[in-house]
Amino acid sequence: MTIVVNLNGTLVPPGEAAVSVFDRGFLYGDSVYEVVRTYRRNPFELGAHLGRLGRSAERLGLELPWAAARTRREVLATLEAVPPAEVADAEAAPWNKGELSLRIIMTRGSGELGLDPALAVDPRAIVIASPLSAPPLAAYRAGVACRIVGVRHEPPGTVDPGAKTGAHLANVLALQEARAAGAHEALLLDRGGAVTEGASSNVFTVHEGAVRTPPLAAGILAGVTRELVLRLARAGGVEVREAPLLPGDLASADELFITSTAREVLPVTALDGRAVGSGRVGPVTTRLHALLRAAADREAAAG
Ligand code: PDD
């Protein structure tokens with residue numbers, strides 16, 4: 001497995017890629033990040049990811065060490081340094097074989113110990129290029145299981161869930177709970193009991209052909225894949241609504257799916273140990289995944 005790390009503009013092997021124990025990303029999760037994927041080794045929706053990185057940093061008052069144009073150049077330089085995979089992952093979906101994941105991390109920097117952001121100097125800009133870790137082909141054919149977990153979503157007024165920050169402990173614990181129950185992904189509720197999002201995904205239901213997903217006002221991350229799926233669905237004549245969802249709406253759905261950069265549109269055929277709808281991958285999920293795959297193919301072909 002080949003991984004290349006770009007540390008403040010220098011390409012280094014993963015074993016040499018270290019940050020200070022005084023880095024605030026390490027100490028407090030005082031950092032922002034993005035995960036971008038490639039198709040045919042071209043970064044997909046890079047502009048949207050860089051835009052969100054900038055907005056996340058703004059929400060934290062974190063001054064990014066690189067402007068977007070520099071980040072774009074560094075991402076491309078990092079990905080070009082990864083040699084083609086020698087052995088393709090036999091279980092990967094064909095369109096994911098040989099593709100890469102690019103994690104961009106910007107920390108507020110290090111400095112004297114203390115919460116005060118004014119103590120931060122020496123911000124870090126990091127790009128990690130690694131083989132894409134995506135669900136196997138079998139997961140797209142059969143769907144995956146999700147679990148509504150007890151860990152609650154960060155309420156507005158705490159760590160802003162609309163910003164993609166390194167403060168991810170609630171998501172880690174949510175996924176731990178889901179995995180302990182044998183589920184692929186955790187779905188989180190807010191303190192009022194409404195569905196928000198997955199630990200690292202957005203969630204959608206389908207009832208009688210109509211798609212629904214919680215609105216951004218639910219305090220969720222504006223997923224790049226979520227936005228794209230909403231746009232493609234509307235353009236394709238699929239009825240979509242951004243409206244609150246309760247656990248009962250998930251349980252009664254004909255179809256359920258989650259979206260994220262690596263997963264694309266991933267069918268969910270079991271929720272809390274019960275079948276969703278027929279228990280098989282449904283036609284709306286299949287159609288939306290096909291629309292997303294076609295959009296990715298078009299962007300990859302355009303280079
Ligand atoms: N996570 N919601 C949360 C909390 C997320 O962390 C993510 C993505 C998403 C989906 O966003 P997008 O479609 O832009 O990938 C929703 C990334 C991929 C991660 O942490 O690995």
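Order of listing sets the numbers, starting from 1, for every ligand and every atom in it. Computed over heavy atoms, backbone and side chain alike; hydrogens, waters and symmetry mates excluded. All of these numbers come straight from a predicted model, not from anything done at the bench.
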Student: Counting C-beta onward and ignoring hydrogens, is there a side-chain heavy-atom pair between Ile3 and Ile128 closer than 4.5 Å?
Tutor: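 Yes; the side chains approach each other to less than 4.5 Å.
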
Student: Counting heavy atoms only, which of Ser260, Ala222, Ser200 is nearest atom 5 (C) of ligand 1?
Tutor: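 Comparing heavy atoms across Ser260, Ala222, Ser200, the nearest one to atom 5 (C) of ligand 1 lies in Ser200.
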
Student: Show which atoms of ligand 1 fall inside a sub-4.0 Å distance from at least one heavy-atom site of Ala199.
Tutor: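 Within the 4.0 Å cut-off of Ala199, ligand 1 contributes 4 (C), 6 (O).
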
Student: Who gets closest to atom 3 (C) of ligand 1 by heavy atom: Arg52, Glu197, Arg103?
Tutor: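 It is Glu197 that holds the nearest heavy atom.
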
Student: Measure the shortest side-chain to side-chain distance between Arg226 and Thr213 over non-hydrogen atoms and say whether it is less than 4.5 angstrom.
Tutor: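 Sidechains of Thr213 and Arg226: in contact.
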
Student: Tell me, please: is Glu34 in heavy-atom contact with ligand 1, that is, under 4.0 Å?
Tutor: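 No, Glu34 has no heavy atoms under 4.0 Å from ligand 1.
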
Student: Could you tell me the residue and atom name of the protein heavy atom closest to atom 10 (C) of ligand 1, and the distance to it rounded to 0.1 Å?
Tutor: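 That would be Asn202 OD1, 3.7 Å.
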
Student: Among residues at least two apart in sequence or on other chains, which ones pass side-chain hydrogen bond (donor to acceptor under 3.5 Å, both in side chains) with Ser260?
Tutor: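 side-chain hydrogen bond (donor to acceptor under 3.5 Å, both in side chains) check on Ser260 returns Arg263.
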
Student: Measure from the side-chain N and O atoms of Thr285 to the backbone N and O of Val281, and report whether any donor-acceptor pair falls under 3.5 Å.
Tutor: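 No, because the side chain of Thr285 does not come within donor-acceptor range (under 3.5 Å) of the backbone of Val281.
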
Student: Is the closest heavy atom of Lys164 to ligand 1 under 4.0 Å?
Tutor: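 Yes, that is the case, since the closest heavy atom of the residue is under 4.0 Å from the ligand.
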
Student: Less than 6.0 angstrom separating the ring centers of Tyr33 and His168, yes or no?
Tutor: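 For Tyr33 and His168, the ring centres are under 6.0 Å apart.
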
Student: Tell me whether Ala262 reaches ligand 1 (any heavy atom closer than 4.0 angstrom to a ligand atom).
Tutor: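 No; Ala262 lies far enough from ligand 1 that no heavy-atom distance drops under 4.0 Å.
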
Student: Kindly confirm or rule out a cation-pi arrangement of Arg37 over Tyr39, judged by NZ or CZ under 6.0 Å from the six-membered ring centre and within 45° of its axis?
Tutor: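 Yes, Arg37 and Tyr39 form such a contact.
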
Student: Could you tell me whether the side chain of Lys164 reaches within less than 4.5 Å of the side chain of Val32, counting heavy atoms only?
Tutor: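 No, every pair of side-chain atoms sits at 4.5 Å or beyond.
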
Student: Decide whether an N or O pair under 3.5 Å exists between Asn171 and ligand 1.
Tutor: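 In this structure, Asn171 places no N or O atom under 3.5 Å from an N or O of ligand 1.
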
Student: Where does Leu221 meet ligand 1, judged by heavy-atom distances below 4.0 Å: at the side chain, the backbone, both, or neither?
Tutor: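 Within the 4.0 Å criterion, Leu221 contacts ligand 1 through side-chain atoms alone.
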
Student: Where does Thr261 meet ligand 1, judged by heavy-atom distances below 4.0 Å: at the side chain, the backbone, both, or neither?
Tutor: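 Looking at Thr261 and ligand 1, atoms from backbone and side chain both fall under 4.0 Å.
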
Student: Report the nearest protein non-hydrogen atom to atom 18 (C) of ligand 1: residue, atom name, distance rounded to 0.1 Å.
Tutor: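 Result for atom 18 (C) of ligand 1: Val35 CB, 3.9 Å.
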
Student: Return the set of residues passing side-chain hydrogen bond (donor to acceptor under 3.5 Å, both in side chains) with Trp95 (not counting sequence neighbours), or none when no residue passes.
Tutor: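 In terms of side-chain hydrogen bond (donor to acceptor under 3.5 Å, both in side chains), with neighbours along the sequence ignored, Trp95 is linked to Glu264.
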
Student: Please work out which of Gly223, Ser133, Ser201 has its closest non-hydrogen atom nearest to atom 16 (C) of ligand 1.
Tutor: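 The residue whose heavy atom sits nearest atom 16 (C) of ligand 1 is Ser201.
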
Student: Closer than 4.0 Å to some heavy atom of Tyr33 - which atoms of ligand 1 meet that?
Tutor: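 Result: 19 (C), 20 (O).
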
Student: Once you measure the plane-to-plane angle for His289 and Tyr140, does it fall in the parallel (<30°), tilted (30-60°) or perpendicular (>60°) bin?
Tutor: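 Correct class here is parallel.
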
Student: Just by modelled atom types, is the Gly114 backbone N or O under 3.5 Å from a matching donor or acceptor in the Arg24 side chain?
Tutor: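 Such a contact is found between Arg24 side chain and Gly114 backbone.
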
Student: For ligand 1, find out whether one of its N or O atoms is nearer than 3.5 Å to an N or O atom of Arg226.
Tutor: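 It does not: no N or O of Arg226 is found under 3.5 Å from an N or O of ligand 1.
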
Student: Going by the atom numbers of ligand 1, which of them fall below 4.0 Å from some non-hydrogen atom of Thr225?
Tutor: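 With Thr225 as reference, the close atoms of ligand 1 come out as 12 (P), 13 (O).
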
